[in-house]
Amino acid sequence: MFAAERRQLILEMVRANGAVSLRELARVVQTSEVTVRRDVRALEAEGLLDRRHGGAVLPGGFTRESGFPQKSHLATAEKTAIADLAASLVEEGEAIVVGAGTTTQELARRLARVPGLTVVTNSLLVAQALAHANRVEVVMTGGTLRGSNYALVGSGAEQSLQGLRVSRAFLSGSGLTAERGLSTSNMLSASVDRALVQAAAEVVVLADHTKLGTDTMFQTVPTDLITRLVTDEPPAHDDRAGTELQALADQGVQIAVTGGSGASDAGPGVDSVPQGRQQRRDVPLPGQRRNHGAGPGQQLRNALLGEQPGERAARVADMRRR
């Protein structure tokens, strides 16, 4: 394929999907990522697209939302690995929220094996993935169906979440930056995601490396409300993705990285989890919030009871003195 033909195909893919990773572009045009990167630079110089961390987006800084058929074919291996790792965070008998998205749909398929689980969702695809899980209870929000991503949105969805309290919310979006947090391109989806966040004691964001550094129109979760990020290992050449991960960690976000398909460098201090293995790995990056007095389960129980570990210890000591 000639360079002009490659670049035309690359441009068509970006226009159709809004954002495409270099890895995916190289696969489609059947060439190396080095060649694709050179093509993307040339197209950026002409003002036809913008480069982002490990990929290309529509020009103008804010990406538009892709339809579900397009998104379901992007970064599929990465989404699978992220879902495997995220599923290891869920314990038997938990009540959780799972938002709409292709990555959260992958997560739902794995949650079908967790007994005693209650899943609250506004996603028809998440509900469908759990429909035949006998030991999982699925609670759907109300709302109006948004056909482009098979999600329930609007005031009905938001009102049905009022008064709800669960242990964790698992959300994805169109972009993630340390400056603004998680964002999406649709106002209705953003509003429901904010309601989902309000219902959870912890927020876990699922985002592949192509979304790191991408900013979209509507903020859903500010960085200071994100407890944990589960992502894939960026390509070796993607220094900017490692920088974004470091910036998120500096603001207190716990980073869990799943291993990629080859040698990579995800940034300073970032460990990885081999692809396909379901295990938890929190990355101890500089600036990360820590609580050495209690594990995640105890911290959650303390938060729900409104009592910190130190306060509880003082109260017990006082009772013994009496």
Side-chain angles (χ1 to χ4, degrees), residues 19 53 63 65 71 74-75 78-90 96-108 110-111 119-123 126 149 151 166-186 189-216 218-234 241-242 244-258 266-267 270 273 280-283 285 287-289 296 300:
H53 298 205
T63 62
E65 186 179 36
K71 288 190 288 187
L74 295 176
E78 291 87 345
K79 291 173 183 177
T80 297
I82 290 169
D84 286 338
L85 183 53
S88 70
L89 302 173
V90 181
I96 63 173
V97 159
V98 179
T102 53
T103 310
T104 51
Q105 181 188 20
E106 287 296 325
L107 170 63
R110 287 147 184 81
L111 295 180
V119 177
V120 181
T121 186
N122 69 319
S123 169
V126 168
N149 65 346
V166 298
S167 58
R168 313 172 208 263
F170 292 86
L171 300 175
S172 60
S174 303
L176 177 65
T177 65
E179 181 180 0
R180 289 186 73 220
L182 190 67
S183 61
T184 187
S185 303
N186 182 266
S189 295
S191 186
V192 173
D193 282 353
R194 285 192 288 267
L196 294 173
V197 168
Q198 292 299 316
E202 296 182 3
V203 178
V204 181
V205 170
L206 312 182
D208 65 77
H209 73 273
T210 64
K211 295 177 181 178
L212 293 175
T214 298
D215 201 3
T216 53
F218 300 99
Q219 183 190 56
T220 57
V221 190
T223 306
D224 61 354
L225 292 184
I226 299 174
T227 309
R228 191 190 309 264
L229 165 65
V230 183
T231 186
D232 64 295
E233 190 172 357
E244 195 72 40
L245 286 175
Q246 184 68 59
L248 286 162
D250 288 343
Q251 294 197 41
V253 179
Q254 300 171 36
I255 311 293
V257 181
T258 181
V270 177
V273 178
R280 187 179 309 180
R281 181 77 58 87
D282 294 332
V283 180
L285 295 175
Q288 182 168 311
R289 286 191 296 252
L300 176 59

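Sequence positions, counted from 1, serve as the residue numbers for this chain. Just so it is clear, the values below take in all heavy atoms, side chains as well, and ignore hydrogens, waters and symmetry mates.
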Asn122 side, atom CG; Ser189 side, atom OG - distance, nearest 0.5 Å:
8.0 Å
Sub-4.5 Å side-chain heavy-atom contact between Phe170 and Val90:
yes
Do Thr121 and Thr104 make a side-chain contact, defined as non-hydrogen atoms from C-beta onward lying under 4.5 Å apart?
no
What residues form a side chain to side chain donor-acceptor pair (under 3.5 Å) with Thr177, not counting sequence neighbours?
none
For the atom pair CD1 (Ile255) and CD (Glu244), what is the distance rounded to the nearest 0.5 Å?
10.0 Å
Would you say the side chain of Asp193 lies within less than 4.5 Å of the side chain of Leu182, judging by non-hydrogen atoms?
no
Nearest heavy-atom neighbours spanning Ala100 and Ser172
O-OG, 3.4 Å
Is a donor on one side and an acceptor on the other found under 3.5 Å between the side chain of Thr184 and the backbone of Ser174?
no
Please confirm whether the backbone N or O of Ala190 pairs with a side-chain atom of Thr220, one donor and one acceptor, at under 3.5 Å?
no
Of all heavy-atom pairs linking Gln219 and Arg180, the shortest is NE2-O, 2.7 Å
Could you grab the distance from atom CG of Leu176 to atom OG1 of Thr210, nearest 0.5 Å is fine?
11.0 Å
Is there a side-chain contact between Thr227 and Gln254, using heavy atoms and a 4.5 Å cut-off?
yes
Partner set under side chain to side chain donor-acceptor pair (under 3.5 Å) for Ser183, not counting sequence neighbours
Thr216
Working for side chain to side chain contact (heavy atoms under 4.5 Å, CB included), residues Val230 and Leu89:
CA-CA 10 Å; Val230 183; Leu89 302 173; 4.2 Å; yes
Smallest heavy-atom separation, Leu196 atom then Gly99 atom, equals CD1-CA, 4.0 Å
Main-chain N/O of Ala178 paired with Gln251 side-chain donor or acceptor, under 3.5 Å:
yes
How many angstroms lie between CG in Asn149 and CD in Gln105, if you round to the nearest 0.5 Å?
11.0 Å
Is a donor on one side and an acceptor on the other found under 3.5 Å between the side chain of Arg110 and the backbone of Ser88?
no
Yes or no on side chain to side chain contact (heavy atoms under 4.5 Å, CB included) for Leu212 and Leu229, after CA distance, side-chain angles and deciding distance?
CA-CA 11 Å; Leu212 293 175; Leu229 165 65; 4.2 Å; yes
Smallest separation among heavy atoms of Leu248 and Thr223, with atom names
CD2-CG2, 4.0 Å
Of Asp84, Thr102, Asp208, Asp232, the residue whose pairing with Lys79 passes side-chain hydrogen bond (donor to acceptor under 3.5 Å, both in side chains):
Thr102
